Protein chains: 2
Amino acid sequence: MPRKVDAEQRRQAVAEAVWRVIVRDGFGAASVRAVAVEAGLSAGSLRHYFSSQSALRAYALELIDQRMEARLAKVDRGRPPRQVIEDMMWALLPLDDASREEHRVVLAYMVQARAVPEYRHTVTAMYDEALALCRQAVDRLVQAGEAVPDTDAEAAAAELSALLDGVTLQAVSFPDRMPPERLRAVVRGWLDGLAAG
Amino acid sequence: MPRKVDAEQRRQAVAEAVWRVIVRDGFGAASVRAVAVEAGLSAGSLRHYFSSQSALRAYALELIDQRMEARLAKVDRGRPPRQVIEDMMWALLPLDDASREEHRVVLAYMVQARAVPEYRHTVTAMYDEALALCRQAVDRLVQAGEAVPDTDAEAAAAELSALLDGVTLQAVSFPDRMPPERLRAVVRGWLDGLAAG
DNA sequence: TACTATATGGCACACTCGTACTAGTACACT
DNA sequence: AGTGTACTAGTACGAGTGTGCCATATAGTA
């Protein structure tokens with residue numbers, strides 16, 4: 001018998017199957033049976049890892065949040081401010097197929113969260129963290145002299161946060177209109193604008 | 001019996017019922033039966049106006065697109081450029097409960113469009129029109145001397161488009177974090193920044 | 001070798017789904 | 001008055017849903 005640590009790996013594998021089904025066929029298609037097939041299990045077997053469908057979906061959301069935070073934590077902080085900030089953005093923004101699919105999952109949950117209160121806490125926490133990150137970015141750029149001193153940090157952070165959500169939405173929904181190079185250019189352009197005043 | 005013009009009104013009323021169900025219970029909850037109840041009809045009766053569920057959902061998307069374009073067309077063009085541009089933005093952005101719900105519907109379709117190719121054309125057209133509108137806005141501001149002459153209009157339009165999508169997404173998903181005043185402030189702040197260079 | 005916990009798959013139940021079909025009603029036109 | 005069209009409601013069917021239940025298999029332990 002696999003030990004407990006393997007059970008957690010299996011739960012994660014099932015959650016990743018949830019992501020794939022959501023990306024391929026939409027949130028509503030993530031039925032217990034469809035996820036079980038995607039994960040290579042039977043529906044009855046899946047229920048040994050998740051006692052209900054809502055528990056399954058909730059875990060899949062929690063896990064994607066953890067994965068994104070882990071990716072952000074890996075960014076090397078020992079570089080120039082502007083470089084660290086850009087690296088953080090590139091770690092969070094949908095610049096390749098894998099992260100695009102991740103953000104599609106997050107967006108699907110964000111939309112569903114209005115009908116399913118269970119998702120609201122995690123989804124709102126992700127927004128708050130993104131906004132806080134933007135605020136830190138602006139503060140550091142001001143402190144490093146790469147932004148005009150009279151910058152309204154609060155307003156600039158709100159604007160940056162909206163800009164990042166916008167390019168993310170566009171890259172996720174219209175990947176041919178917002179490819180990685182264009183996405184990077186938009187973000188870099190805004191940061192340059194902050195420096196120029 | 002009601003004549004044809006009344007039948008079209010009924011179709012629109014049913015489509016609005018679709019919107020309400022999507023906003024309240026999510027896209028997947030817009031079943032034929034649920035929409036029929038919301039519209040005050042029987043499921044069998046609803047099928048006399050829409051031959052299938054996909055036709056119903058497709059019409060509900062087309063109609064919301066028409067409604068938004070109509071709202072945009074109503075903006076008075078005979079005012080100073082900056083005013084006209086702001087008025088257009090306020091006509092399109094989710095600044096009250098009604099337009100917030102409209103954008104929730106659009107966002108739901110945008111997410112579903114990845115699984116249902118039928119929606120892609122309309123949704124992509126809406127994006128393209130928004131981007132074109134941003135491009136026009138930047139051009140007019142440059143022409144009116146309310147933006148620095150060396151502005152990269154293409155890049156600025158892309159940035160503005162992303163910013164608008166971002167504040168829309170935030171106002172729709174986190175209305176308490178992005179209330180109308182804050183949304184207006186973000187947009188005005190960006191336009192001011194364009195003028196300042 | 002037994003025993004137990006974990007894991008797996010299959011089945012059954014009540015429910016909802018889209019849709020086809022039928023019957024009945026009300027109005028317009030000849 | 002008769003005929004046809006538009007409309008409404010209801011029912012039925014097959015498919016898919018979440019979930020409870022149970023039989024089986026495997027691996028670790030006494």
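Note on naming: letters A, B, ... go to the chains in the order of the sequence lines (proteins, then strands), and numbering restarts at 1 for each one. None of the values given here were measured: they were computed from a predicted structure.
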**Study point:** Derivation and outcome, side-chain hydrogen bond (donor to acceptor under 3.5 Å, both in side chains), residues B:Ser99 and B:Asp96
**Key:** CA-CA 6 Å; B:Ser99 59; B:Asp96 53 31; 2.8 Å; yes
Check your understanding: What string of B, S and - do you get for nucleotides 17-23 of chain D, 5' to 3', when a contact is any protein heavy atom under 4.0 Å?
Key -> BBBB---
**Study point:** B:Tyr49: ring pair (Phe, Tyr, Trp, His ring centres under 6.0 Å) partners, not counting sequence neighbours
**Key:** none
Point to revise | Euclidean distance, atom CG of residue A:Leu41 to atom P of C:dT6 [Å, nearest integer] | key: 18 Å
Exercise for review: Measure from the side chain of A:Arg10, starting at C-beta and using heavy atoms only, and say which of C:dA7, C:dT8, D:dC7 lies closest.
Suggested key: C:dT8
Exercise for review: Check the pair B:Arg67, B:Gln12 against side-chain hydrogen bond (donor to acceptor under 3.5 Å, both in side chains), reporting the backbone distance first and the verdict last.
Suggested key: CA-CA 11 Å; B:Arg67 292 281 174 92; B:Gln12 295 191 8; 3.1 Å; yes
Check your understanding: Taking the hydrophobic residues Ile, Leu, Val, Met, Phe, Trp and Tyr, and joining any pair whose side-chain heavy atoms are under 4.5 Å apart, which ones share a cluster with B:Leu133?
Key -> B:Leu72, B:Val75, B:Val84, B:Met88, B:Leu92
Point to revise | B:Asp6 CG to C:dA26 P, straight-line distance once rounded to whole Å | key: 18 Å
Check your understanding: Rounded to whole angstrom units, what separation is found between the CZ atom of B:Phe50 and the P atom of D:dT8?
Key -> 12 Å
Exercise for review: Using only side-chain N and O atoms of A:Ser45, determine if any of them is under 4.0 Å from OP1 or OP2 of C:dG9.
Suggested key: yes
Point to revise | Listed nucleotide nearest any side-chain atom of A:Tyr49, set C:dA7, D:dC7, C:dG9 | key: C:dA7
**Study point:** Cation-pi check, B:Arg177 onto A:Tyr127 ring (under 6.0 Å, within 45° of axis)
**Key:** no
Study note, to complete from the structure: From the list A:Arg188, A:Arg79, A:Arg140, salt bridge (Lys or Arg N to Asp or Glu O under 4.0 Å) with A:Glu86 holds only for A:Arg188
Check your understanding: Nearest-Å distance, CD (B:Glu8) to P (D:dC7)?
Key -> 12 Å
